[in-house]
Amino acid sequence: MRRISWMLAMVMCVTLLLAGCGKKSADDVVKDLSDVVSDLNSYHGTALMTLHTGDTPQEYKVDISYRKPSYYRIAMTNEKKDVTQIVLRNDEGVFVLTPSLNKSFRFKSDWPNNQGQVYLYETLVRSIIGDASRQLATDDKSYVFDVAANYNSHALVRQKIWLSKNDYAPTQVQVSDANAKVVVDLKFDQFTFDTKFDKDSFDMERNMASGKMSTGSEGAPSSGAVDSSGQLDPSGAMDGTTGVTSGEPRQEQGTAGNAVQQPSGEAKVDGTATNDTSKPDAAANAEAQQQTPGTSDAANGTSAGTNAAEAVMGEFGLIEPSYTPAGVQIKDTPELEDNGTHAVMLRYSGTYNYTIVEARPKDRAVALAAGELVDIGGSFAVLTGSEQQTMTWMNDGIEFRITSADLPVSEMIQIAASIQDQSGK
C-alpha cells in the first residue's frame, strides 16, 4: 500500500510539474511575440470591423497585406455604400485610392511607423510589448491581452487583443473608451504569415485598374492573397495577389517637371513641377481651393477629366457634421463660384476657427509634397500643412476639406467621423 501511495504521489507531482511548465506567463508570450515580429516577412488577413461611434453600428470589410520591408495594402470596403478605399505604400510613396471614383492621393510619409492602426499586426504587438502594466488572460484557443490603446484619438483608452495560441496570429481586437464601452470591434476571418504575393500587387496602377474592373459583390478589388490552404480571399473578384515579390526598388516618379500617366489618361504632377506657378505650400493651396475648389494647384496636382464619376455628379445639398467642438458655432455658408463641382462651404468660429469645403470634383489625381495618413473610422484622410492644416478625404463621392490654423487634429478626426454617415439635405 505504501508503495502504491508513493507511486501515486509521484505521478501527481509529475503531472502538476508538466502542467506548470505548459502554461506560459505574460513575459513568456511577450518574448515570443518579439521573436515573431523580428522574423516577420509577410502576412495577409481579412477582418470585419464594426464601429460603434454613432447611433447605428457601421461595418467595414478590411483586407490587410504586408510584405517586408515596408509594402502595405489596406483595402476598406463599406458594403452598405459599395465603396472601397485602398491605402497603399510602396517605393513611390503612400497612396490613398478610391478606384471606383478614379481618385488618388499620393504623398510622402513614413506611415505606418509614425502611428498605430488597429488592423496592423505590428501595431498590436507594439501595444502589448510597450505596456508594462499589461494583463494576460487565456481561453481554450487564445491569449487575451488587456493593454493601453495607443491611437490618434483621446476617446480610445483600452484594448483587448486576442492572439491564437498556435502561432500568435490575431483573431479579435476590441478598443474601448473611458467608460469601458467598445468603440471598435475587429474580428479576423483569417490571418496567415509568410504569404506569397504577385510582383505587382502593391503597384498603384494595378490597384486602381483592378478596382474599376472588379464586379464582386463587395465592390472591392480582390487581394487574391493565397493562404497556406491555397484559398483566395473572400471577395474573389480577381486572380492575383496584393504583395510584391520581386524586391526590385522602383524609380521615384513625379519629380520636378515630370508627369506620370494615370490609368485614366491624366497627368499627375508634383508641386515642384517647373510649369506650375501655384504656391508650393499645401496649406496655402488649401486656402486657395476654398475660393475656387477643383482648380489645379501645386499641392494637389489636379488634372480634371471626364470619367464614369461624372454620371453621379450633381448637387448633394449641405452636409453638416453632427459633432462640433465646445464653444464653436457655424458662422455662415458663403456662396462659391459654380465651376461644375457643386462646391459648398461652411465656416465655423469660436474656440476654434475653421472651414469645411464640400465638393464633387471631377476625375483627378492628387500628388502632395508631404502629408500624414489619418484613420477617421472606416475611411482614410490626408493631413497636410504645418501652421495651417488641411484634412482631405472622400466620402460617398464627395470630397471634404477641413482647413484651420488652430483646430487640433483630434478634433478634426471627430468632425470628419461625424460626417461619415451623414447625407446631404
Side-chain angles (χ1 to χ4, degrees), residues 26-27 29-34 36-37 40 43 45-54 57-64 66 72 74 76 87 109-139 142-164 168-189 191 323 325 372-381 383 391 393 408-418 420-421:
D27 291 339
V29 177
V30 166
K31 182 180 182 301
D32 290 345
L33 288 174
S34 298
V36 171
V37 170
L40 195 61
Y43 63 76
T46 58
L48 177 66
M49 183 173 68
T50 305
L51 303 180
H52 302 274
T53 54
Q58 300 295 312
E59 292 187 347
Y60 299 86
K61 290 281 189 178
V62 188
D63 189 291
I64 312 105
Y66 162 78
Y72 288 90
I74 312 298
M76 193 171 294
V87 171
S109 172
D110 62 351
W111 178 89
N113 299 328
N114 59 342
Q115 58 182 284
Q117 304 291 345
V118 66
Y119 35 75
L120 295 182
Y121 186 71
E122 305 91 311
T123 298
L124 300 178
V125 172
R126 280 199 300 264
S127 298
I128 294 171
I129 296 176
D131 189 349
S133 62
R134 69 184 81 88
Q135 299 176 24
L136 173 63
T138 60
D139 58 29
S142 307
Y143 295 108
V144 186
F145 280 95
D146 189 330
V147 296
N150 299 313
Y151 302 108
N152 194 13
S153 172
H154 54 73
L156 304 178
V157 179
R158 301 290 298 178
Q159 61 181 336
K160 285 186 177 181
I161 303 170
W162 281 257
L163 302 175
S164 170
Y168 297 115
T171 58
Q172 185 176 0
V173 184
Q174 289 184 342
V175 189
S176 305
D177 61 16
N179 298 318
K181 175 189 174 184
V182 175
V183 179
V184 181
D185 189 3
L186 186 73
K187 294 181 179 178
F188 285 88
D189 304 310
F191 190 97
Y323 171 79
E372 295 298 333
L373 182 68
V374 180
D375 190 330
I376 57 176
S379 186
F380 305 101
L383 182 68
M391 179 181 288
W393 75 98
V409 174
S410 60
E411 294 286 358
M412 284 188 177
I413 293 175
Q414 283 193 262
I415 294 170
S418 75
Q420 290 299 90
D421 200 39

Does the pair Val374 and Ile413 meet the rule for a side chain to side chain contact (heavy atoms under 4.5 Å, CB included), with working shown? CA-CA 8 Å; Val374 180; Ile413 293 175; 3.6 Å; yes
Rounding to 0.5 Å, atoms OG1 (Thr53) and CD (Gln58) come to a distance of 7.0 Å
Shortest non-hydrogen pair, Val175 vs Ala149, comes out as CG1-CB, 4.0 Å
Test of understanding: with side chain to side chain donor-acceptor pair (under 3.5 Å), list the residues that count as partners of Tyr151, not counting sequence neighbours. Gln159
To the nearest 0.5 angstrom, please state how far the CH2 atom of Trp393 sits from the CD1 atom of Ile376. 5.5 Å
Using a 3.5 Å distance criterion without hydrogens, assess whether the side chain of Tyr43 forms a donor-acceptor pair with backbone atoms of Tyr121. yes
Within this structure, what is the CD1-CG distance for the pair Ile74 and Leu120, rounded to the nearest 0.5 Å? 5.0 Å
Residue list, ring pair (Phe, Tyr, Trp, His ring centres under 6.0 Å) with Tyr119, at least two apart or on another chain: none
From OG (Ser164) to OH (Tyr143), nearest 0.5 Å: 9.0 Å
Would the distance check show the side chain of Arg134 and the main-chain N or O of Ile128 forming a donor-acceptor pair, the cut-off being under 3.5 Å? yes
Evaluate the criterion side chain to side chain contact (heavy atoms under 4.5 Å, CB included) for residue pair Val157 and Ser176; output intermediate values, then yes/no. CA-CA 6 Å; Val157 179; Ser176 305; over 6 Å; no
Donor-acceptor check, side chain of Ser418 to backbone of Ile415, threshold 3.5 angstrom: yes or no? yes
Taking the side chain from Asn179 and the backbone from Lys181, do they hold a donor-acceptor pair closer than 3.5 Å? no
To the nearest 0.5 Å, what is the distance between CG on Asp32 and OH on Tyr168? 3.5 Å
Looking at every heavy atom in both Leu163 and Pro170, which two are closest together, and how far apart are they? CD2-CA, 3.8 Å
Nearest atoms (heavy-atom pairs only) where Pro112 meets Tyr72: CD-CE1, 3.5 Å
With heavy-atom distances below 4.5 Å as the criterion, would you say the side chains of Thr123 and Val118 are in contact? no
Look at the side chain of Ser109 and the backbone N and O of Trp111, then say whether any donor-acceptor pair between them is shorter than 3.5 Å. yes
Leu124 side chain near Phe145 side chain, heavy-atom distance below 4.5 Å: no
If you measure from CE on Met49 to CE on Met76, what distance do you get to the nearest 0.5 Å? 4.0 Å
State, yes or no, whether a side-chain contact exists between Val144 and Leu136 at a heavy-atom distance under 4.5 Å. no
Under 3.5 Å, side chain of Asp110 to main-chain N/O of Asn113, donor-acceptor pair present? no
Does Asp146 offer a backbone N or O that forms a donor-acceptor pair with the side chain of Arg158 under 3.5 Å? yes
Yes or no on side chain to side chain contact (heavy atoms under 4.5 Å, CB included) for Val87 and Gln117, after CA distance, side-chain angles and deciding distance? CA-CA 12 Å; Val87 171; Gln117 304 291 345; over 6 Å; no
For residues Leu186 and Ala47, report the shortest heavy-atom separation together with the two atoms involved. CD1-CB, 3.8 Å
With a 4.5 Å heavy-atom cut-off, do Leu51 and Val183 have their side chains touching? no
Can a side-chain donor-acceptor contact be found between Tyr66 and Glu122 if the only test is distance below 3.5 angstrom? no
What pairs with Asp131 under side chain to side chain donor-acceptor pair (under 3.5 Å), at least two apart in sequence or on another chain? Ser133
Closest non-hydrogen atom pair between Ser127 and Ala148, with its separation: CB-O, 4.3 Å
How far apart are the C-alpha atoms of Trp162 and Asp139, what are their side-chain angles, what is the distance that settles it, and do they pass the side chain to side chain contact (heavy atoms under 4.5 Å, CB included) test? CA-CA 10 Å; Trp162 281 257; Asp139 58 29; 4.0 Å; yes
